[in-house]
Amino acid sequence: MSSLTERLARVRAEIAQAAEVVDRDPAAITLLAVSKTHPLPVIAAAAELGVTAFGENRVEEAVGKIAARPDLAWHMIGHVQSRKAADVIAAGFVLVHSLDSLKLAERLSRSAQQAGREQAVLLECNVSGEASKEGWAASDPAVWPALIEAFSSVTALPGLRVEGLMTMAPWGTDDQTARPIFTRLRRLRDQASDRLGLPLATLSMGMSDDFRGAIAEGSTLVRVGRALFGERG
Ligand SMILES: *Cc1c(COP(=O)(O)O)cnc(C)c1O
């Protein structure tokens, strides 16, 4: 078993290498350490090594961690039920990656306004077409014009700031297999950005098995769990 120090060094080197291959600045890619299921001492060890951004997928679990380490940047990456929108706003995530419906957007907007906050969000898109995946249905480019219309209803809501798009490739997919999925998300982002007149600069794509392919396709934020912390129990 290699140590967290070694794993982190390897992941950082692989991010840098993947960026260099396509002439991108590695500094433009955020490493989000996915700390779901891992206890605070593990998070503290990663923070000690210079990791500043952490991803959680359950609001109940995140709340305690955020209270213990308010100095770190916490991201919500898991599915959010509309009835938990107020909890998500109250938790104080710097970015919610998983905005996947207009209903959830309306709830988050209302809670953010009540809290006097602006919540940064990403639109989670299902570009792989897997039935089990959350996200706006986006695997067929023919639906994109209608989808971008729906996005415009989200971007019009007060209290939310839409910063970009997020996707997940199927679990266990390697870099090469996942690449066309990441290409599709980037193209959708480009079209949406054009039509909506918004930068949508953040592309949250790539996990332990496929972050190199995601970087080749323009990812600005990779969500890495197992490659840093090992298998989840
Ligand atoms: C768990 C999770 C990850 C991290 O996956 P690993 O394979 O452990 O790197 C990334 N994104 C989301 C949305 C997740 O739920």
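Computed from a predicted model, the values in this text were never measured in an experiment. Ligands are counted one by one from 1 in listed order, and the atoms in each one are counted from 1 as well.
- Taking distance alone, with nitrogen or oxygen atoms compared against 3.5 Å, G225 approaches ligand 1 more closely than that limit.
- Of all atoms in ligand 1, numbered sequentially from 1 with element shown, those under 4.0 Å from a heavy atom of V224 are 9 (O).
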With ring-ring contact (aromatic ring centres under 6.0 Å, His included) as the criterion, how do F93 and W74 come out once you've worked through the C-alpha distance, each side chain's angles and the decisive distance to 0.1 Å? CA-CA 5 Å; F93 293 102; W74 294 93; 8.1 Å; no
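- For the pair E163 and R161, the salt-bridge criterion is met [side-chain N within less than 4.0 Å of a carboxylate O].
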Please report the C-alpha distance between D209 and R226 in whole Å, then the side-chain angles of each, then the deciding distance to 0.1 Å, and finally whether the side-chain contact (heavy atoms from CB on, under 4.5 Å) criterion is met. CA-CA 9 Å; D209 294 324; R226 288 169 304 129; 2.9 Å; yes
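- The ligand atoms of ligand 1 that sit less than 4.0 angstrom from a heavy atom of R223 are 4 (C), 9 (O), 10 (C), 11 (N), 12 (C), 13 (C).
- Ranking the protein heavy atoms by distance from atom 12 (C) of ligand 1 puts I77 CD1, 3.5 Å first.
- Below 3.5 Å of separation, one finds no N or O of N57 facing any N or O of ligand 1.
- By the criterion of a heavy-atom distance under 4.0 Å, the side chain of M168, and not its backbone, is placed next to ligand 1.
- Remark: E60 CD is packed, more than 12 non-hydrogen atoms of other residues, nucleotides or ligands lying under 6.0 Å away.
- Looking from atom 6 (P) of ligand 1 to the surrounding protein, the closest heavy atom is S208 OG, 3.5 Å.
- What sits closest to atom 14 (C) of ligand 1 on the protein, heavy atoms only, is K36 NZ, 3.0 Å.
- With hydrogens left out, the protein atom closest to atom 7 (O) of ligand 1 is R226 NH2, 2.8 Å, a heavy atom.
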